[in-house]
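Structure record follows, encoded as structure tokens.
All values derive from a computational prediction rather than experimental measurement. Values reported hereafter were calculated over all heavy atoms of this structure, with side chains retained and with hydrogens, waters and symmetry mates removed.
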Amino acid sequence: MFWKKVKLGRFIEELSVGETFLKEEKMEDRELLLYLGLTDDANPLYIQHDYTAQTPVKKPIVPSIMLSGMITSTISKHFPGPGSQILSQSLQFIHPVYHYETIKISLKILELNQDSETIKIEVVANKDSRSVIKGEILVRAPYRPKELGEYVFQNF
């Protein structure tokens with residue numbers, strides 16, 4: 001048995017309305033192929049140049065669920081961080097994101113509810129100063145461990 005100290009994200013009282021977090025993500029082949037392989041998603045819009053050349057998007061695009069995953073991963077890892085839980089999300093994918101493009105994700109705290117320990121976060125993702133994603137995500141701040149202190153059994 002191994003015990004490892006858990007590094008949790010920030011608790012609700014450590015956050016403030018208006019606070020922002022910025023992150024850049026680049027769309028690489030490795031991540032795209034992993035996603036498509038894991039989900040068995042063979043949508044030609046994501047991988048076939050010949051097909052997409054005949055569509056309004058003109059070239060393969062990054063799946064919207066993969067973009068959503070990048071945003072939720074940023075919340076889980078950084079803002080508010082480990083231990084947080086996404087309760088709901090509403091995202092609009094305004095413009096396509098293509099392979100090899102870099103997007104800038106901006107997360108901004110709109111509301112804090114101390115009673116429910118929830119955080120409403122505005123999401124904006126841009127590429128080349130053009131919005132590609134807009135929306136809101138409702139997040140529960142990390143729970144404070146009680147019985148085990150800040151230690152959790154690691155089963156690997």
Side-chain angles (χ1 to χ4, degrees), residues 1-41 43 46 60-156:
M1 290 178 44
F2 297 99
W3 294 87
K4 181 179 178 184
K5 187 167 175 92
V6 173
K7 181 175 179 353
L8 294 174
R10 294 167 50 205
F11 300 111
I12 191 85
E13 62 273 3
E14 298 172 322
L15 300 166
S16 58
V17 172
E19 188 175 344
T20 61
F21 184 86
L22 304 172
K23 183 171 186 198
E24 286 189 10
E25 290 278 353
K26 186 168 183 182
M27 309 302 117
E28 298 285 352
D29 280 342
R30 178 181 175 269
E31 288 78 14
L32 287 161
L33 293 173
L34 280 170
Y35 166 79
L36 295 172
L38 287 170
T39 60
D40 196 26
D41 190 344
N43 186 337
Y46 304 147
I61 64 171
V62 177
S64 56
I65 195 70
M66 188 175 167
L67 296 168
S68 176
M70 291 175 178
I71 293 166
T72 59
S73 172
T74 300
I75 289 169
S76 295
K77 292 191 290 189
H78 304 289
F79 191 70
S84 58
Q85 176 187 7
I86 293 175
L87 302 174
S88 66
Q89 62 182 356
S90 173
L91 299 174
Q92 296 175 349
F93 301 91
I94 303 163
H95 296 286
V97 176
Y98 299 103
H99 298 199
Y100 310 113
E101 288 189 315
T102 298
I103 61 170
K104 295 178 182 179
I105 299 168
S106 172
L107 304 176
K108 180 180 179 181
I109 296 177
L110 297 177
E111 295 175 17
L112 294 170
N113 185 320
Q114 300 289 335
D115 295 332
S116 63
E117 295 191 1
T118 56
I119 308 154
K120 185 186 282 187
I121 298 175
E122 175 188 57
V123 177
V124 177
N126 296 315
K127 67 173 184 179
D128 303 325
S129 302
R130 184 180 196 187
S131 290
V132 292
I133 304 169
K134 287 185 179 182
E136 291 182 355
I137 297 181
L138 185 64
V139 178
R140 179 169 289 126
Y143 291 100
R144 277 190 197 282
K146 292 181 174 90
E147 295 177 22
L148 297 175
E150 291 188 1
Y151 294 89
V152 173
F153 178 69
Q154 300 294 314
N155 192 19
F156 57 97

Note to self: Within the structure provided, determine whether T118 and N113 are in side-chain contact (heavy-atom separation under 4.5 Å).
What the structure shows: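 With C-beta onward as the side chain, the pair touches.
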Margin query: Within the structure provided, determine whether Y100 and D29 are in side-chain contact (heavy-atom separation under 4.5 Å).
Written below: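 Side chain of Y100 against side chain of D29, heavy atoms only: contact under 4.5 Å found.
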Any side-chain to backbone donor/acceptor pair from [X] onto [Y]? Under 3.5 Å, distance only.
X	Y	result
E117	Q114	no
D41	N43	yes
N126	S129	no

Next item on the list: With sequence neighbours excluded, tell me which residues meet side chain to side chain contact (heavy atoms under 4.5 Å, CB included) with Y98.
Entry: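 In terms of side chain to side chain contact (heavy atoms under 4.5 Å, CB included), with neighbours along the sequence ignored, Y98 is linked to V57, K59, I61, P96, E101, K127.
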Check: Of all residues at least two apart in sequence or in a different chain, which pass the side chain to side chain contact (heavy atoms under 4.5 Å, CB included) check with K104?
Finding: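 K104 satisfies side chain to side chain contact (heavy atoms under 4.5 Å, CB included) with E24 once adjacent residues are dropped.
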Please report the interatomic distance [atom1]([X]) to [atom2]([Y]), rounded to the nearest 0.5 Å.
X	Y	atom1	atom2	result
R140	S88	CZ	OG	11.0 Å
Y46	Y35	OH	OH	6.0 Å
R10	E19	CZ	CD	4.0 Å

Please find the pair of heavy atoms, one from [X] and one from [Y], that lie closest to each other, and give the distance.
X	Y	answer
L91	E136	CD2-N, 4.4 Å
S16	L112	CA-CD1, 3.7 Å
M27	E25	CE-O, 3.5 Å
V17	E111	CG2-CA, 4.3 Å

Next item on the list: Determine the sole option in L110, I137, L107 for which the side chain to side chain contact (heavy atoms under 4.5 Å, CB included) test with E122 is passed.
Entry: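 Only match with E122 under side chain to side chain contact (heavy atoms under 4.5 Å, CB included): L110.
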Note to self: Testing I86, I121, L87 one by one against L138 for a side chain to side chain contact (heavy atoms under 4.5 Å, CB included), which residue passes?
What the structure shows: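 Single pass found, and it is L87.
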Taking distance alone, no hydrogens or angles, what donor-acceptor pairs closer than 3.5 Å link side-chain atoms of residues 65-81 to residues at least two apart or in another chain?
unit_1: S68; atom_1: OG; unit_2: Q89; atom_2: NE2; d: 3.3
unit_1: T72; atom_1: OG1; unit_2: S68; atom_2: O; d: 3.3
unit_1: T72; atom_1: OG1; unit_2: G69; atom_2: O; d: 3.2
unit_1: T74; atom_1: OG1; unit_2: M70; atom_2: O; d: 2.8
unit_1: S76; atom_1: OG; unit_2: T72; atom_2: O; d: 3.2

Notebook entry, point to check: Do other residues, nucleotides or ligands put more than 12 heavy atoms under 6.0 Å from Q85 CD?
Noted result: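 Yes, CD of Q85 has more than 12 neighbouring heavy atoms, counting only those of other groups under 6.0 Å.
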